[in-house]
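Residue numbers begin at 1 in each chain, while the letters A, B, ... track the order of the sequences.
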There are 4 protein chains.
Amino acid sequence: MATNFETSKPIYMQIVDTIFQRIVRGEIGPGEKLASVREMAIHSGVNPNTIQRSYAEMERMGVVETKRGQGTFVIEGEIIVERLRHTMQTEIISQFVKSMEELGISRQQMISRLESFLKEGEQNDDPLK
Amino acid sequence: MATNFETSKPIYMQIVDTIFQRIVRGEIGPGEKLASVREMAIHSGVNPNTIQRSYAEMERMGVVETKRGQGTFVIEGEIIVERLRHTMQTEIISQFVKSMEELGISRQQMISRLESFLKEGEQNDDPLK
Amino acid sequence: MATNFETSKPIYMQIVDTIFQRIVRGEIGPGEKLASVREMAIHSGVNPNTIQRSYAEMERMGVVETKRGQGTFVIEGEIIVERLRHTMQTEIISQFVKSMEELGISRQQMISRLESFLKEGEQNDDPLK
Amino acid sequence: MATNFETSKPIYMQIVDTIFQRIVRGEIGPGEKLASVREMAIHSGVNPNTIQRSYAEMERMGVVETKRGQGTFVIEGEIIVERLRHTMQTEIISQFVKSMEELGISRQQMISRLESFLKEGEQNDDPLK
DNA sequence: GTGGTCTAGACCACA
DNA sequence: GTGGTCTAGACCACG
C-alpha cells in the first residue's frame, strides 16, 4: 500500500485521478461499487472527509452516482469509460503540446524527442533494481 | 498586458516558467538584464512581492544572479540555456509518459495518439494570428 | 405513489441562497467583494468551513470568483445578475405551482388566490407598528 | 448577530404534509380511517417511529383522532377539510410571497410572472416534444 | 489577511 | 452500514 502523495495537487483530487485511472484501465467497471468512504479512508491513510470530498467531486462530474444507504457506484454504460478515457487523454496530450510549444519546440521535434525518450527508457528498463 | 493566470500553480512559479521559456526560446540571452521587479510587476499586473519571489527562486536555481544596484541578470554562458532547455524538456516528457502509462496506454499508442492530436491541430494552426 | 422526500436544505446552501438574494436585489453588485470567509462565519454564527463550502459552491456555479489572497468577488457584468434572477424566480414559481397542484388547486384559482392574498395584505400594511 | 435559518423540515412533518394534501384533495374524507402505523411505515419505506410521530402531531393539531383498538381517523365534519385547505393554502402563498420579496420583486410583478409561467406551461402540454 | 486543504470527531437520515 | 453535513481547530501558500 502506497501513500506517497505529491505535494502540489490537493489530496482529494489526486484520489479522484487515481480512481479515474482505475476506471479507464478497466479495474473498476460501469455499475460497480466503489469502496465505502470509510474503507477507502482507512486504505488510503486519509481522513474520511477527504474521501467524501473526492466522491462528491466525481458525482458532480457525472462519473459516479450514490445510492442512499448503499454506496457509491460508477455510472452504468460503457460510454462513461470512453468519455473518461478521451477526456483524460486529451487533457494530458494538449498540456504536453502546449508546454513544448512554450519552449519553442516544433511539432515535428516533439515526436522525435518523445521517441528518443522512450527508446532510452527501454535500455535501463528493469535490469537495474 | 492582459494576464491570464491558471488558478492551479502559484503565480510566482508561473512567472518563473514564463521567464525560463523566454530564455530557452532565446528572447533573453545569457548575460542580459531582466526587467526590474517594479517594471515587471506593473507589466504583469502582479504584486511586486510576487515578482521578487520569482526572482529569488530563479537565483536559488542558479539561472540568474542579482548585482546590487544594477539589477538581475541571466547567468553568463550558453551552457545555462542548454541546461534549462534539457531540464524543462525532460521534465515535460517524463511527466507526459508517466501520465499516459497511468491510463494504461502503451508506448506505441502514445506516439500515434500524439500524432493524431497534432494532425487535427494543423487545420487551425498558424494561418491564424 | 411516490414518496420522494425533499432533502431539507443544508446550511451552506441556505447561505448561498441568501447571498444570491442580495446579489439579485442589487445589494452586492458585479465585481464587488464578498465578506471574507472568517467575517461571514462570525457574522452568521457558523463554522468557517461551512462558509468556505458556500463560497466554493458559488464559484462552481460561476457566480463568483476568488482572487488569491484578495478575497471572493461577484463576477463582472450585469448579465450574471439577470441570470441569477431568472433562475431563482423560476425555482420559486415552479415550487409554488407544484405545491398548489398537490392541494388540487387549478391554475386559474392559483392566480385569484394570490391576488386575494396580496389585497388583504395591503390593508394592514404599514399603518401598524 | 442573529441569523435565523429555517428549521429544516423533519420527515415526520413532511409526512403530515402529504396526508393533509390527500385530505384536502378529498382522497381521504372526514371520518375515514388512515392506514395503520405499520402499513404506512412499510408503504412509505420509513421507520414506524417516524409515522407514529406524524400521527401524534396530526392528533395534536386536531385533524385526526385515535380510537383505541380501532385505528386513527380523520375528524368528522366537512369543516375540518375547509380549515386544512385554508391553512395550507395560506402557508404556501405566504411562503411564495416571502421568497419573491426576498428577491426584491414587487407584488404586481409576482402576479404577471406567475401568469407568464403558467402560460408557458400550457404550450408543452402535448404538441411539443 | 485571504482562501484552500486536511484531520478528528460527531450527528443525521436512509436502507 | 451508507453517504451527507457540520463543528472545531490547525496548517498552508499566496499577496
> Over all heavy atoms of both residues, which pair between D:Met88 and D:Asp17 is shortest? Give the atoms and the distance, please.
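In this case the closest contact between D:Met88 and D:Asp17 is CE-O, 3.9 Å.
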
> Which nucleotide, F:dG15, E:dC6, E:dG3, lies nearest any side-chain atom of A:Tyr12?
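Of all the options, the side chain of A:Tyr12 is nearest to E:dC6.
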
> What's the separation between atom CZ in C:Arg83 and atom CE in C:Met61, rounded to the nearest 0.5 Å?
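One finds 10.0 Å between CZ of C:Arg83 and CE of C:Met61.
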
> Let me know, please, whether C:Gly69 or C:Met13 comes out on the 5' side of the other along DNA chain F by nearest nucleotide.
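Looking at the nearest nucleotide for each, C:Met13 comes out on the 5' side.
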
> Quick one: the dot-bracket string of DNA chain F, using Watson-Crick and G-U wobble pairs with both distances under 3.5 Å, [ ] for crossing pairs and | for bases paired to another strand.
||||||||||||||.

> For B:Ser54 and B:Tyr12, work out which heavy atoms get closest and say how close.
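Where B:Ser54 meets B:Tyr12 most closely, the heavy atoms are OG-O, 3.0 Å.
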
> If you round to the nearest 0.5 Å, how far is OH of D:Tyr55 from OG1 of D:Thr66?
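OH of D:Tyr55 is found 9.5 Å from OG1 of D:Thr66.
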
> Tell me the interatomic distance from A:Gln52, atom CD, to E:dC11, atom P, rounded to whole angstroms.
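Those two atoms, CD and P, are 18 Å apart.
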
> Taking for each residue the nucleotide of DNA chain E bearing the nearest heavy atom, is the 5' side occupied by C:Ser36 or by A:Arg38?
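In this pair, the answer is C:Ser36.
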
> Can you find an N or O donor on one side and an acceptor on the other, under 3.5 Å apart, linking the side chain of A:Asn49 with the base of E:dG9?
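In this structure, the two groups form a donor-acceptor pair.
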
> Does A:Thr50 put a side-chain nitrogen or oxygen below 4.0 Å from OP1 or OP2 of E:dT7?
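So the side-chain polar atoms of A:Thr50 do come within 4.0 Å of the phosphate oxygens OP1 or OP2 of E:dT7, strictly under.
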
> What is the distance from CZ of A:Arg53 to P of F:dC6, rounded to the nearest Å?
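Nearest whole value for this atom pair: 14 Å.
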
> Under 4.0 Å between a side-chain N/O of C:Thr66 and OP1 or OP2 of E:dT2, yes or no?
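No, because none of the side-chain N or O atoms of C:Thr66 sits under 4.0 Å from OP1 or OP2 of E:dT2.
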
> Find the distance C:Lys9:NZ to E:dC12:P and express it as a whole number of Å.
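Interatomic distance, NZ of C:Lys9 to P of E:dC12: 22 Å.
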
> Taking atom types as modelled, is there a side-chain donor on A:Gln95 or A:Ser99 under 3.5 Å from an acceptor on the other?
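Yes - a donor-acceptor pair under 3.5 Å links their side chains.
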
> Taking all heavy atoms of A:Glu102 and all of B:Gln21, pick out the closest pair and write down the distance.
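Scanning both residues, the minimum pair turns out to be OE1-NE2, 2.8 Å.
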
> Just how far, in rounded Å, is P of F:dG4 from CD of C:Gln14?
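Roughly 18 Å, once rounded to whole Å.
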
> Measure the distance from CD on C:Glu59 to C1' on E:dT2 and round it to the nearest whole Å.
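Result: 13 Å.
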
> Nearest-Å distance, CG (C:Asn47) to C1' (E:dC6)?
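C:Asn47 atom CG is separated from E:dC6 atom C1' by 13 Å.
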
> Please check if the side chain of C:Arg85 supplies one atom and the backbone of C:Val24 the other of a donor-acceptor pair under 3.5 Å.
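Checking the backbone N and O of C:Val24 against the side chain of C:Arg85, a donor-acceptor pair under 3.5 Å is found.
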
> Give the rounded distance in Å between these two atoms: CD of B:Glu57 and P of F:dA13.
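The answer, rounded to whole Å, is 13 Å.
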
> Rounded off to whole Å, could you give me the CE-to-P distance for the C:Met40 and E:dG1 pair?
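Whole-Å distance recorded here is 18 Å.
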
> Looking at E:dG3, I'd like to know if its phosphate oxygens (OP1 or OP2) sit under 4.0 Å from a side-chain N or O belonging to C:Thr72.
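For E:dG3, OP1/OP2 do have a side-chain N/O of C:Thr72 under 4.0 Å.
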
